[in-house]
Amino acid sequence: MNATNRSEQVEQETEETEIDNNLAAVSDVEAGIREFVRNDIAYLRRPPQVSTEPLEPNTEATVNNVNSLIQRVAGTSLAEIEKLISELESLRDLLHAEGQRVQREISGYAQLSQAAMKSTRMIADNVTQWKRAADGLRNS
C-alpha cells in the first residue's frame with residue numbers, strides 16, 4: 001500500500017513538473033511574441049522627423065503630386081470599402097429576414113403535421129367504431 005502511494009506521488013510530481021515546464025515554455029513564447037510586436041511597431045510610436053529646411057519648388061510640386069495621388073487612391077479604396085460594408089449589411093438583413101421566414105414556415109409545417117395527425121386519429125377512431133357497429137349488426 002505504501003509502494004502504491006509512493007508511485008502515485010512520483011507520478012503526480014512528474015505530471016506537475018511537466019505542467020510547470022509547459023507553462024514555462026508557453027510564457028517564453030508569449031514573451032517572445034510580445035517583444036517581437038514591440039520591436040515591429042516601435043517605429044510607429046516615434047514622432048515623425050520633420051525637416052525644418054525649406055523644400056525646393058520642384059520637390060514641393062512632387063510632394064503635392066504624390067499627396068494628391070495618395071488621396072485619390074485612398075478615396076477610391078475607401079469608397080469601395082464603404083460600398084462593401086453597405087452590401088454586407090444588406091445581406092445580413094436579408095439573411096436575418098430569410099431566417100425568420102424559414103422559422104415561420106417550419107412552424108407552419110409543424111402545425112399542419114399535428115393537424116394531419118389529429119385528423120388521421122379521428123378518422124381511424126371513426127372507422128373502428130363503424131367496424132364495431134357493422135360487426136354488431138352481422139352478429140345479430
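All values derive from a computational prediction rather than experimental measurement.
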May I ask you to decide whether Asp135 forms a salt bridge with Arg132, counting only side-chain N to carboxylate O separations under 4.0 Å?
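Here Asp135 does not pair with Arg132 in a salt bridge, since their nearest N and O are not under 4.0 Å apart.
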
When rounded to the nearest 0.5 angstrom, what is the spacing between [atom1] in [X] and [atom2] in [Y]?
| X | Y | atom1 | atom2 | result |
| --- | --- | --- | --- | --- |
| Ser107 | Leu112 | OG | CG | 11.0 Å |
| Leu84 | Leu91 | CG | CG | 10.5 Å |
| Leu88 | Leu94 | CG | CG | 12.0 Å |

Go through the structure and list residues passing side chain to side chain donor-acceptor pair (under 3.5 Å) with [X], not counting sequence neighbours.
| X | value |
| --- | --- |
| Gln103 | none |
| Arg101 | Glu98 |
| Glu87 | none |

With no hydrogens and no angle check, is any side-chain donor or acceptor of Thr120 less than 3.5 Å from a backbone partner on Ala116?
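At least one qualifying donor-acceptor pair exists.
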
For Glu18, salt bridge (charged side-chain N to carboxylate O under 4.0 Å, His left out) partners two or more places apart
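With sequence neighbours excluded, Glu18 shows a salt bridge (charged side-chain N to carboxylate O under 4.0 Å, His left out) to no residue whatsoever.
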
Other than Ile19, what residues sit in its cluster of Ile, Leu, Val, Met, Phe, Trp and Tyr side chains whose heavy atoms are under 4.5 Å apart, directly or through others?
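Other cluster members: Leu23.
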
List for me each residue that meets side-chain contact (heavy atoms from CB on, under 4.5 Å) alongside Leu137, sequence neighbours excluded, and say none if there are none.
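Listed in chain order: nothing, the list is empty.
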
